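The shown structure was predicted, so the numbers you read here are calculated from the model rather than taken from an experiment. Labels below follow one simple rule: chain letters A, B, ... track the order of the sequence lines, proteins then strands, and each chain is numbered from 1.
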Amino acid sequence: MTLFRALRRPTAAFGAVVVVIWVACALFAGLLAPYDPLISTTALVEPFSRGPDGKLFLLGTDMLGRDILSRLIFGARTVVLWAGLATATAYVVGIVGGLAAGFYRGAVDQILSFAANVILSFPVLVLYILIIVTLGSSGANIVLAVTFASAPAIFRIVRALAIEIREQDFVNAAITQGEGAIRIMLFDILPNATGPLVVDACLRVGYTAITIGILGFLGLGLPPPTPDWGTMVNEGRAMAMVFPYLVIFPCLAISSLMLGLSLLADGLREASREGSRA
Amino acid sequence: MTAIVEITDLHIALPKGADRHWAVEAVSLAVAPAEILCVVGESGSGKSVLASAIMGALPRGLRRASGNIRFKGEEITRLPESRLRAMRGRDVAMIFQEPMASLNPAIRVGRQIEEVFEIHAPAMAGAERTSRALDLMREMRLPEPAAMARRFPHQLSGGQCQRVVIAMALAFTPALLIADEPTTALDVTTQARILDLIRNLRAEHGQGILFVTHDFGVVADIADRVAVMRHGRLVEIGAVEQVLNDPRHDYTRQLLAAVPSLTPRVRADTGAAPALRLEGVSKNFGTVRAVDDVTFEVPRGGTVAIVGESGSGKSTLAKAVIRLLEPSAGRVLVEDADFARLGRGELMRRRRLVQMIFQDPHGSLNPNRTVGDVLTRAGVLGGLAAGGARAQAAELIELVGLEPTALQRRPAAFSGGQRQRIGIARALAMRPAIVVADESVSALDVSVQKQVLELLDRLQSRGGLTMLFITHDLRVAAQIADRIAVMQRGRIVEFGRAVQILLSPEHPYTAELVAAAPGRAWQARRAMASTETL
């Protein structure tokens with residue numbers, strides 16, 4: 001319901017379209033990409049021009065002669081898959097911790113909150129670098145790093161919501177019925193906290209996409225030759241003065257995804273506010 | 001005598017998509033000097049919208065479609081905002097339901113009164129402002145005005161805050177005072193004193209007062225004339241004696257019949273064994289003793305009402321009985337097991353014996369679960385198999401007077417009264433030995449309140465339901481309880497048969513509560529009249 005109301009706003013609908021396009025790219029990369037993203041042809045063909053063999057390269061080729069459009073489309077797969085997966089894992093951890101802390105309070109809350117605050121007091125980027133450098137760069141380690149860095153913030157949101165909902169009489173009613181703690185958390189508290197969490201999740205997937213880009217740019221992304229937007233920016237950096245399109249297109253890809261998710265999140269937030277007023 | 005304010009054929013439109021077209025429809029009325037006109041109605045009747053329309057301060061989304069409002073003969077509906085702003089607080093003043101919310105918590109109360117002078121009389125010297133503010137506080141009979149002026153709102157009681165708000169409203173002796181449920185959030189004894197104050201002020205300054213209320217008891221105590229509103233329309237307007245004693249309109253008659261009477265119902269004492277025994281129950285919060293050594297019994301199939309004002313510890317006691325709070329001392333005996341000392345496992349097994357009906361019909365049902373799901377789950381937790389629990393849910397929903405289709409809906413589809421019925425069904429689904437009702441009818445309109453009380457009564461005579469009924473309203477207690485326990489500052493100061501407590505209270509505090517019950521004199525006359533006709 002909230003989603004439908006949100007999509008009636010033009011900005012949110014635009015955001016949703018951008019997000020859907022990138023998700024489609026990730027799912028159907030093999031069908032949509034004009035070329036194989038790993039095969040070299042002619043290096044440094046300018047955008048909108050043809051190579052010597054007459055092939056059209058809409059966004060040009062990089063210094064190894066790989067088609068940039070195809071690499072962006074396949075790169076979407078990396079970003080959408082790993083950003084989605086990492087955010088989901090962070091959410092599972094944050095929700096479990098947040099529900100427990102908000103429901104039980106007391107010692108459970110104090111210990112979890114202290115741990116969360118300690119992690120949050122580190123600069124996020126330093127955390128990422130530490131984890132990736134120590135464990136090596138792989139998809140699983142990116143998920144681990146993002147979970148470690150994002151879960152505390154999600155924990156705090158869930159905890160605050162849980163504390164508020166915990167005070168409602170329907171939770172008291174469940175307690176006096178002898179309902180088990182886990183059922184109360186899952187059936188009474190969590191479903192009533194989803195609104196703000198969905199909005200936050202949209203934004204967080206975007207942040208994670210940027211993070212994966214930054215890691216790629218720092219050379220800590222997925223090992224080559226996997227196409228990855230951040231890595232593409234990094235590789236193009238040296239020649240950016242002469243061939244700016246090497247950097248511009250991957251940057252546009254990252255920012256368009258982030259913009260799309262932000263607009264969608266804004267729309268959802270407004271729509272859920274309207275919904276609670278109605 | 002010319003009216004201070006005269007409203008003719010006022011229409012105020014609701015936004016599109018609302019359940020009706022007009023918030024206020026074709027309302028005409030007038031307030032004369034030194035007159036108290038009570039506008040009375042249930043929630044959604046448009047009485048508050050009418051009040052804010054006179055101030056030219058309609059809530060967002062509402063707009064005046066037609067009609068006139070004349071203030072001292074001058075049409076004010078077309079005045080520019082700047083003129084209206086100058087009038088507000090000087091010629092027309094308003095007081096609201098929540099005194100705490102009307103005051104700025106960060107500014108000392110004396111200063112807040114002075115600010116009214118700053119706005120409307122910028123030329124006044126600072127010393128004069130201060131002395132005028134102190135005069136006002138004295139007139140409101142606030143103790144030690146000089147010391148009081150230096151306090152912040154949270155350091156004052158609710159009644160004192162409302163006096164400060166009234167002082168601000170009366171700073172310029174406005175010709176018209178609009179009071180929107182000004183005593184609803186206050187305790188009965190405080191309410192009685194504030195009503196007294198408003199009556200005296202009217203006698204001294206001759207203000208016209210438009211007094212919005214939902215309580216016919218308050219109407220009987222304060223009104224000269226009464227306007228009854230329903231669905232935005234004025235159904236009846238007349239002198240207070242006429243409307244209360246000889247209502248012309250059916251709706252007025254219905255409303256009056258629903259007002260709970262202070263006359264207790266008489267029930268035979270069954271002499272049944274106690275279903276619940278409290279022995280020396282206490283609850284401390286730090287050094288504060290919220291519940292202090294409470295001992296009494298509730299006989300099987302009987303109802304004990306615990307009556308007290310806010311802060312008396314009655315809700316804390318209810319929570320301690322039901323183990324939402326751990327009692328600090330004492331025993332809570334349910335079926336001869338000490339409920340207060342049960343271990344975790346045993347407590348989970350016996351939870352079903354003591355169930356609660358909550359106060360807020362909106363917060364007590366999970367908005368995400370269907371009614372059928374809630375009732376079936378309660379049955380399962382009460383020890384039934386899934387099929388049996390579903391069958392029981394269907395029986396219960398009918399028992400509380402709802403359609404079987406209600407089972408498939410979520411709470412948002414129901415009104416406050418219907419939700420309270422669902423809450424009752426949920427408590428009964430556990431097949432409890434005792435039900436604790438914590439202010440369970442306080443948030444409901446009188447007509448709905450009457451239906452819910454009747455439902456509880458019917459359940460009780462049918463199946464030996466035992467109830468501990470917490471309420472701040474002696475009139476409700478009179479209607480539901482066999483015995484009444486009066487609580488003050490954590491202690492039971494008087495416990496006895498409802499008849500004895502209401503008709504011949506022994507403790508001075510009980511006597512004060514009974515005397516402060518709104519509309520007492522009117523009810524006594526009414527009770528007399530009804531016995532004569534019998």
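- One finds no salt bridge joining B:Arg351 and A:Glu179 here, because no Lys/Arg side-chain nitrogen approaches an Asp/Glu carboxylate oxygen to under 4.0 Å.
- One distance of note links CZ of A:Phe170 with CZ of B:Arg426; it measures 9.5 Å at 0.5 Å rounding.
- Using a 4.5 Å cut-off between heavy atoms, B:Arg350 makes no contact with chain A at all.
- For A:Tyr91, the OH atom is densely surrounded, since the number of other residues' heavy atoms within 6.0 Å is greater than 12.
- Annotation for A:Gln177 and B:Gln355: closest pair CG-OE1, 3.7 Å, computed over non-hydrogen atoms.
- The CD atom of A:Gln168 sits 11.0 Å away from the CG atom of B:Leu365 when rounded to the nearest 0.5 Å.
- In this structure, CG on A:Asp169 lies 8.0 Å from CG on B:Asp438, to the nearest 0.5 angstrom.
- Rounding to the nearest 0.5 Å gives a distance of 12.0 Å between CG of B:Leu353 and OG1 of A:Thr176.
- With rounding to the nearest 0.5 angstrom, the CG atom of B:Asp373 is 8.0 Å from the CZ atom of A:Phe187.
- Within a 6.0 Å sphere centred on NZ of B:Lys319, other residues, nucleotides and ligands contribute 12 heavy atoms or fewer.
- Looking at B:Met348, the atoms closer than 4.5 Å to chain A (heavy atoms on both sides) sit in the backbone and in the side chain alike.
- Surrounding CD1 of A:Ile182 are at most 12 heavy atoms belonging to other residues, nucleotides or ligands under 6.0 Å away.
- Between atom CG of residue B:Asn368 and atom CG of residue A:Asp188 there is a gap of 9.5 Å, rounded to the nearest 0.5 Å.
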